Amino acid sequence: MTGPGPGGWGSAAVAFGGLTAPWQLVEPMPLEVVFTRAERLRSGAGRTVRHWAGRLAAKHAVLRLLGEAVTPEHLGAVEVLPRPTPLCERTTACLHGHPPGVRLTGALGDREAGGTRIRVSVSHTADLAFAVALAAARLPEDHDLGAVSTWT
């Protein structure tokens, strides 16, 4: 099965005002199913609920882009982690920033259409995280996105 071609998009918002813990964003779903181990490690390193909400909004936006139901397993199959840019030396000291990258796994692993890559943008207000996901043509630097271990 393939996903949307270039030009497809999905968006989502996640409210986090008044919440104090990441599990509150996804209850009654289990946090360890909705977020991959790598996401939990990255988000657990002193990040705020705002950060977790942004990642969750990105996952929801990707599922809307793909036309998939929101289930714990589908959310967990969308991994959103910082992706080094071509300017980055792939170190934690990189000063160029790391935009979010999307990797589909499990039941969604084959959903990206050939020649496309899913990209996300995340923004926040004081109590709302908003994300847009779109299917865009692959860029030359997209060749190595499958290796999560290279993400910081």
Side-chain angles (χ1 to χ4, degrees), residues 1-85 88 97-139 141-142 144-152:
M1 181 183 284
T2 59
W9 65 278
S11 64
V14 172
F16 61 90
L19 302 182
T20 58
W23 61 266
Q24 294 172 311
L25 291 166
V26 297
E27 69 178 336
M29 297 181 282
L31 189 73
E32 54 280 342
V33 175
V34 173
F35 293 99
T36 67
R37 181 177 186 277
E39 289 172 323
R40 292 190 315 273
L41 287 171
R42 174 69 182 191
S43 293
R47 305 292 181 178
T48 63
V49 173
R50 176 183 182 190
H51 176 86
W52 289 83
R55 190 176 307 264
L56 184 61
K59 289 170 168 273
H60 279 275
V62 169
L63 291 179
R64 287 196 176 141
L65 166 71
L66 297 174
E68 293 289 342
V70 176
T71 66
E73 292 75 22
H74 282 162
L75 287 167
V78 177
E79 187 170 63
V80 179
L81 289 170
R83 182 178 67 83
T85 66
C88 179
H98 296 129
V102 174
R103 186 173 77 123
L104 301 178
T105 63
L108 302 179
D110 63 350
R111 293 300 310 273
E112 284 182 309
T116 64
R117 172 59 73 195
I118 295 175
R119 302 189 189 289
V120 294
S121 179
V122 181
S123 188
H124 305 85
T125 66
D127 57 2
L128 185 71
F130 182 78
V132 175
L134 54 99
R138 287 185 181 266
L139 299 173
E141 61 265 24
D142 288 338
D144 64 348
L145 288 180
V148 173
S149 63
T150 64
W151 295 2
T152 58

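The figures here come from the full heavy-atom set of this structure, side chains too, leaving out hydrogens, waters and symmetry mates. Every value quoted in this text rests on a predicted model; they were computed, and no experiment measured them.
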Compare every heavy atom of [Y] with every heavy atom of [X], then report the nearest pair and how far apart it is.
X: Arg64; Y: Ala12; result: NH1-CA, 3.4 Å
X: Ala136; Y: Arg119; result: CB-NE, 4.0 Å
X: Leu75; Y: Met29; result: CD1-CE, 3.8 Å
X: Ala133; Y: Val120; result: CB-CG1, 3.8 Å
X: Leu63; Y: Leu108; result: CD2-CD1, 3.7 Å
X: Val49; Y: Ala21; result: CG2-N, 3.6 Å

Inset, instruction - Would you give the length of the straight line joining atom CG of Leu31 to atom CZ of Arg40, rounded to the nearest 0.5 angstrom? - result: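 The CG atom of Leu31 sits 6.5 Å away from the CZ atom of Arg40.
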Legend entry - Separation between CG of Leu19 and CG of Asp127, rounded to the nearest 0.5 Å: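 Rounded to the nearest 0.5 Å, the CG-CG separation comes to 9.5 Å.
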Inset, instruction - Answer whether the closest heavy-atom distance between the side chains of Leu104 and Leu66 falls below 4.5 Å. - result: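 Yes, at least one pair of side-chain atoms sits under 4.5 Å.
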Please name all residues satisfying side chain to side chain contact (heavy atoms under 4.5 Å, CB included) with [X], sequence neighbours left out, ordered by chain then number.
X: Arg50; answer: Phe16, Thr48, His124
X: Ala126; answer: none
X: Ala13; answer: Leu128, Phe130
X: Ala131; answer: Ala57, Ala58, Ala61, Val122

Inset, instruction - Give every residue pair that meets the ring-ring contact (aromatic ring centres under 6.0 Å, His included) criterion with at least one member in residues 43-83, sequence neighbours excluded. - result: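 As it turns out, the ring-ring contact (aromatic ring centres under 6.0 Å, His included) pairs with a partner in residues 43-83, which skip direct neighbours, are Phe35-Trp52.
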Inset, instruction - Would you list the pairs meeting side chain to side chain donor-acceptor pair (under 3.5 Å) in which at least one residue belongs to residues 25-36, sequence neighbours left out? - result: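 Qualifying pairs, neighbours excluded: Thr36-Glu39, Thr36-Glu79.
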Inset, instruction - State whether the number of non-hydrogen atoms from other residues, nucleotides or ligands found under 6.0 Å of Arg37 atom CZ is greater than 12. - result: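 Atom CZ in Arg37 is not packed in, count stays at 12 or less.
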